[in-house]
Peer 1: 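For reference, the structure I am asking about is given below.
Computed from a predicted model, the values in this text were never measured in an experiment.
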Protein chains: 2
Amino acid sequence: MGLKSVSETKLNPNVSVDCVIFGFDSEKLKVLLIDRGQEPGAESEKVYALPGNLIKTDENLDQAADRVLKELTGLKNIYLEQFGSFGNPDRLNKESDLQWLKSIRAEPDARVITVAYYSLIKIDQYELHASSFAKEAFWYDIDDLPTLGFDHLEIIEAGLKELKFKSKYEPLGFELLPEKFTLSQLKHLYEAILGTDLDKRNFRRKILKKDFLIPLEEKQIGVPHKPAQYFVFNKKKYEDYRQNVDDFYFQL
Amino acid sequence: MGLKSVSETKLNPNVSVDCVIFGFDSEKLKVLLIDRGQEPGAESEKVYALPGNLIKTDENLDQAADRVLKELTGLKNIYLEQFGSFGNPDRLNKESDLQWLKSIRAEPDARVITVAYYSLIKIDQYELHASSFAKEAFWYDIDDLPTLGFDHLEIIEAGLKELKFKSKYEPLGFELLPEKFTLSQLKHLYEAILGTDLDKRNFRRKILKKDFLIPLEEKQIGVPHKPAQYFVFNKKKYEDYRQNVDDFYFQL
DNA sequence: TCTACTAAGTGTTATATTTACACTTTAATT
DNA sequence: AATTAAAGTGTAAATATAACACTTAGTAGA
């Protein structure tokens, strides 16, 4: 049985979830991929994938995403946000993908629609523990991705677009940075996501005006330059803010 | 077999699409619902639904949405945008919904995940022709909805939220108004969606500054007041605009 | 033909937001 | 003591927003 064994509850053969986990390492934006552990017949190129799998019949989509992510990468308690569904009949057009499905699925030929989730986390705050059919989980630089199975490249691109977009009208960063952090770190985060440089003074002014940041007395120590002040998030204000995205901005 | 007969290609028993079609009649915002044609056992309340059905195994999600909408309401060539997936195991918690499924589905008990689409159209530009299991299709005032099956109320609310949100950072109106239209008509459209009043002068200034509107020489005739100037959309600029939503606004 | 009615169309001012831009400060390192 | 590195700070100009009321061009009816 091995890989084909499943837990007590039944799998829905036609619906899966995939997780696009973006990671920030204080420097660059990365994405989490798994090694499916497939030994290519010959020396064909290795193919990576997003952590994802079929949903169970007794869980909802959000629960499935949480479970699958945990099963494959060890990550848990991550806030996942749904951003789209992907269901082209030709999602499954690579021979290597089909081979792989045959090794893990009861119905490898079934037409699968996948519901995609994304999150953005602080890389060094979480430890990866690949398991189930994931041989290993890795962080890949967002602009240097390996070959991906199925339509996972398309899914990642859609997720990145969503992330960039969201970052423009919602505050980001909570849970993404250390408990206490400097404004430079927060600025770097935005710059990594948006792929642009931001003006230091304007950034500070803007982010401090919204008041979901609380300045601490504490400063950096041991740095070979003027030490930066630490800040923490005001979680309550921050949550309020996200709730009201709706009223937040009226463009036209 | 009647209702249970299906066309040549197989249905995926676990995945459906639902369409939230918002309609604008120059006055109010409405949503399109179908009468499932169910005769309640007793005099129990009539239950309405969004146009939606299972997808076929050989079509993608967008195609399924187009097809299902056309089959149930006669509407075609409508731009549908996906906005979310809904898949709580308890979507199916009303007895009347189960009864109804038994009358039309091969596997009425199957766990179904639905992918939701929305659109916004000009009501009097389209004719409704209910068919398949839809006995009739109606426009309902968005703030006076009848009893709805499944989780369709939740889906409509999510769709409306999306629509309001989108209207704040994307130009709306193309395909929603007559070929040529007045600024008042466009303003009414925004007011209907946002549920607020807008200042005439500020609205004009703002919308004219973006230049996706082309003024015509032509004016209204026969109106018992100063005739309004007609405008048409500059489709090219308008499309550019939507493409670049990404760079469009940088809030933080 | 005059009057009343209706919606279209128009401009200004005060306030808030955005952008661009360069020097001083504080620490560690040599 | 001099060097290096990033933190931190202010201003002015340009742009965007919000609030607000009167005139105009037509129809309809007296």
Peer 1: Is it true that Lys46(B) and Asp35(B) have a side-chain N and a carboxylate O under 4.0 angstrom from each other?
Peer 2: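 Salt bridge flag = yes for Asp35(B) with Lys46(B).
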Peer 1: Of the nucleotides dT17(D), dA20(C), dA7(D), which has the atom closest to the Lys226(A) side chain?
Peer 2: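 Minimum distance to the Lys226(A) side chain belongs to dA7(D).
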Peer 1: If I take atom CG in residue Asn202(A) and atom C1' in nucleotide dG8(D), what distance separates them, rounded to the nearest angstrom?
Peer 2: 14 Å
Peer 1: Of the listed nucleotides (dT17(C), dG11(C), dA8(C)), which one gets closest to any side-chain atom of Lys209(A)?
Peer 2: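 Selected nucleotide (nearest to the side chain): dT17(C).
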Peer 1: Rounded off to whole Å, could you give me the OH-to-C1' distance for the Tyr230(B) and dG9(C) pair?
Peer 2: 16 Å
Peer 1: Answer with yes or no whether the side chains of Tyr117(A) and Asp62(A) bring together a donor and an acceptor at under 3.5 Å.
Peer 2: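 Yes.
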Peer 1: Figure out the CG/P separation between Asp199(A) and dA7(D), and round it to whole Å.
Peer 2: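 My rounded result for the distance is 14 Å.
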Peer 1: Expressed as a whole number of angstroms, how long is the span from Leu183(B):CG to dG9(C):C1'?
Peer 2: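 About 10 Å, once rounded to whole Å.
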Peer 1: Pair up each side-chain donor or acceptor in residues 216-227 of chain B with any protein partner under 3.5 Å, not counting sequence neighbours, and list the distances.
Peer 2:
from, atom 1, to, atom 2, distance (Å)
Glu218(B), OE1, Lys180(B), NZ, 3.0
Glu218(B), OE2, Lys180(B), NZ, 2.5
Gln220(B), OE1, Ala228(B), N, 2.9

Peer 1: Would you kindly give the CG-to-P distance between Asp197(B) and dC20(D), to the nearest whole Å?
Peer 2: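 Atom-to-atom, Asp197(B) to dC20(D), this comes out as 14 Å.
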Peer 1: For the side chain of His225(A), counting heavy atoms from C-beta on, which of dC21(C), dA6(D), dA7(C) is nearest?
Peer 2: dA6(D)
Peer 1: In whole Å, what is the span from the CZ atom of Arg204(B) to the P atom of dT17(D)?
Peer 2: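 Result: 18 Å.
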Peer 1: Indicate yes or no: at least one non-hydrogen side-chain atom of Gln82(A) is less than 4.5 angstrom from one of Ser85(B).
Peer 2: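 Gln82(A) reaches Ser85(B) side chain to side chain.
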Peer 1: Which whole-number value in Å describes the distance from Phe203(B) CZ to dT10(C) P?
Peer 2: 14 Å
Peer 1: Check the distance between dT26(C)'s P and Gln229(A)'s CD and give it to me in whole angstrom.
Peer 2: 14 Å
Peer 1: Do Thr114(A) and Asp18(A) have a side chain donor and acceptor closer than 3.5 Å?
Peer 2: yes
Peer 1: What about Lys200(B): does its side chain form a donor-acceptor pair under 3.5 Å with the base of dA8(C)?
Peer 2: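 Indeed there is one.
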Peer 1: Between Phe231(B) and Gly222(A), just flag the one whose closest nucleotide in DNA chain C comes earlier from the 5' side.
Peer 2: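 So the residue in question is Phe231(B).
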Peer 1: From the options dC20(D), dT9(D), dA27(C), select the nucleotide whose nearest atom is closest to the side chain of Arg201(B).
Peer 2: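 Among the listed nucleotides, the one closest to the side chain of Arg201(B) is dC20(D).
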Peer 1: At under 4.0 Å between heavy atoms, what does Thr182(A) touch on the DNA or RNA strands: base, sugar-phosphate, or nothing?
Peer 2: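 Counting heavy atoms under 4.0 Å across all strands, no contact is made by Thr182(A).
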Peer 1: Under 4.0 Å: is that the gap between some side-chain N or O of Ser184(B) and OP1 or OP2 of dA8(C)?
Peer 2: yes
Peer 1: Taking N and O atoms by type only, does the side chain of Arg205(B) place a donor or acceptor under 3.5 Å from a partner on the base of dT12(C)?
Peer 2: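 Under the 3.5 Å cut-off, the side chain and the base do form a donor-acceptor pair.
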